[in-house]
Number of protein chains: 2
Amino acid sequence: MTGAPTRRRTQAERRAEAERRVLEAAREVIGEHGVGAVTFAAVGARAGYSRGIVTHHFGSRRGLMEALARSLQGLVPPAPAELDGRERVLAQVDLYLATLEHHPRDTRVFAMLWAEAIAGDPDLRPIFAERDADFRDSFARALRTAAADGTGAGLDPDAAAMAIVGLLRGVGLQLVLVEKAPDFARLRQTIALLLGTGLG
Amino acid sequence: MTGAPTRRRTQAERRAEAERRVLEAAREVIGEHGVGAVTFAAVGARAGYSRGIVTHHFGSRRGLMEALARSLQGLVPPAPAELDGRERVLAQVDLYLATLEHHPRDTRVFAMLWAEAIAGDPDLRPIFAERDADFRDSFARALRTAAADGTGAGLDPDAAAMAIVGLLRGVGLQLVLVEKAPDFARLRQTIALLLGTGLG
DNA sequence: GCGTGCTTGTCGGCCGACAAGCAACTTAGG
DNA sequence: CCTAAGTTGCTTGTCGGCCGACAAGCACGC
């Protein structure tokens with residue numbers, strides 16, 4: 001009857017799996033019931049452990065949130081290094097939208113964590129404030145070279161970066177509130193056209 | 001020493017002032033400490049009443065939040081009725097950005113409430129989901145006439161509406177996380193140029 | 001004196017954190 | 001190999017704190 005459900009595992013394996021399952025459980029809870037539903041009891045139960053598992057592995061609620069935010073970094077791949085200027089901006093925008101399409105659950109969780117940071121969660125604020133600044137900066141840099149090599153319209157790089165980051169984040173957030181997914185092909189095409197002509 | 005601080009007021013005046021002061025206090029608490037800091041005790045004290053004032057006037061926390069969301073409607077004035085198509089879209093966008101500039105505290109509070117809705121607050125979700133849909137729809141309508149009268153590029157109206165609403169909301173949310181206000185004149189000009197050429 | 005606005009007392013529920021104890025794994029001596 | 005002591009992972013018990021809601025009582029206006 002035992003069906004070998006428990007082959008002997010090393011302590012490192014046990015620890016690693018527990019952390020993985022706890023983070024996955026936190027994503028599930030957020031996606032289904034919101035960031036406010038992330039309690040030790042809820043996450044522990046969802047992960048198949050006790051309510052003490054989060055404290056044991058992450059020390060505090062803040063520790064869990066930070067690990068969660070870190071685990072969601074790198075969801076959107078960077079644009080190819082050989083691209084720059086206007087082309088790089090458009091490629092990065094499309095990659096972002098493609099990630100919204102292909103990883104709906106995780107981008108939704110990311111959006112909800114970002115929203116919680118905005119709403120005032122002191123644990124999340126510094127993390128996402130820094131991320132935002134970096135994200136804007138990456139666009140601003142590409143826009144500066146676009147202005148230099150003539151491939152960009154005469155737009156202020158910092159203002160345009162805020163607009164583009166706002167567009168991407170704003171679309172992601174709206175998707176949390178709409179029940180059925182939109183037509184992503186049309187959305188990507190429309191935004192590519194809108195920004196493509198707008199930038200040059 | 002009494003300096004006539006309490007001339008005799010009618011019951012209706014007392015009630016109206018209490019409600020006004022409670023809503024104002026809630027805005028202050030949100031703006032300074034986040035949506036999570038909105039408790040009966042905090043809001044009551046800030047308004048100069050007891051912790052029971054919120055229950056007495058709004059019945060529940062949900063009632064307060066709904067009244068708060070309602071009180072923030074109409075912050076952004078509608079575009080002139082005689083405008084339509086591409087012109088109307090651009091006018092509405094600029095009015096939104098102008099409101100961010102001229103009512104920083106209240107638009108910040110609105111953004112934080114919207115974020116809390118996204119993050120999963122069940123009281124706020126339906127309110128803001130409907131607002132979003134209406135907002136997108138107003139842009140989609142104008143974009144449809146733009147497509148019909150030839151003043152708009154061949155953009156899908158619904159997708160473009162989601163992009164524009166996303167841009168506006170996204171910019172508003174970013175402003176919550178940045179400490180110093182940006183150069184609004186440049187921001188408005190840049191976005192006007194970006195969307196102006198992008199739409200036609 | 002009567003009604004309405006407001007306050008205070010109080011209850012039940014939930015949460016995060018810590019500490020002590022139990023279970024799984026590792027290692028070293030025989 | 002075998003086993004027993006030691007280490008690490010995990011759970012359970014428990015504490016203090018905060019919150020929302022309701023009800024009874026007090027104060028202001030009619």
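In what follows, chains carry the letters A, B, and so on, assigned in the order in which the sequence lines appear, proteins first and then strands, with residues in each chain numbered from 1.
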| said: Could you tell me how far apart B:Asp121 (CG) and D:dG20 (C1') are, to the nearest whole angstrom? | reply: 14 Å
| said: I need the CG-P distance between B:Leu64 and D:dC19, as an integer number of Å. | reply: 14 Å
| message | Would you say A:Arg14 places a side-chain N or O within less than 4.0 Å of OP1 or OP2 belonging to D:dG9? | response | no
| message | Does B:Ala18 reach a base, just sugar-phosphate, or nothing at all? Heavy atoms under 4.0 Å. | response | sugar-phosphate
| So does A:His57 get a side-chain nitrogen or oxygen closer than 4.0 Å to the phosphate oxygens (OP1/OP2) of D:dG9? | no
| query | Starting at CZ of B:Arg20 and ending at P of C:dG5, how long is that distance when rounded to a whole Å? | reply | 16 Å
| request: Rounded off to whole Å, could you give me the CZ-to-P distance for the A:Phe58 and C:dC18 pair? | output: 17 Å
| remark: Whole-Å distance, A:Arg21 CZ to D:dG9 P, equals 16 Å
| said: Between C1' on C:dA23 and NE2 on A:His56, what's the gap in Å once rounded to a whole number? | reply: 12 Å
| field | Options C:dT7, D:dT11, D:dT14, nucleotide nearest the side-chain atoms of A:Tyr49 | value | D:dT11
| said: Using a 6.0 Å cut-off, check whether atom CZ of A:Arg21 has over 12 heavy atoms from anything other than its own residue. | reply: yes
| message | Let's see if you can work this out: which of C:dC6, C:dG16, C:dA17 has an atom nearest to the side-chain heavy atoms of A:Ser60? | response | C:dA17
| So, are B:Arg188 and B:Glu101 salt-bridged, with charged N and O less than 4.0 Å apart? | yes
| field | Non-hydrogen side-chain atoms of B:Arg125 and A:Val176 separated by less than 4.5 Å | value | yes
| Measuring from A:Leu193:CG to B:Leu199:CG, what's the distance to the nearest 0.5 Å? | 10.0 Å
| request: Measure the distance from CD on A:Glu13 to P on D:dG9 and round it to the nearest whole Å. | output: 13 Å
| Once you round it to whole Å, what is the distance between P of C:dT7 and CZ of B:Arg15? | 13 Å
| request: Give the nucleotide from the list D:dT14, C:dT7, D:dC10 with an atom nearest to the side chain of A:Arg51. | output: D:dT14
| When we call it a touch if two heavy atoms are under 4.0 Å apart, what does B:Val38 touch: a base, just sugar-phosphate, or nothing? | sugar-phosphate
| request: Side chain of A:Phe40 only, please: which of C:dG5, D:dG20, C:dG16 is the nearest? | output: C:dG16
| message | I'd like to know if B:Asp132 pairs up with B:Arg169 as an ion pair, taking the criterion as any Lys NZ or Arg NE/NH1/NH2 lying under 4.0 Å from an Asp or Glu carboxylate oxygen. | response | yes
| task | Ignoring the backbone of A:Thr39, work out which of C:dG16, C:dT7, C:dG9 is nearest its side chain. | result | C:dG16
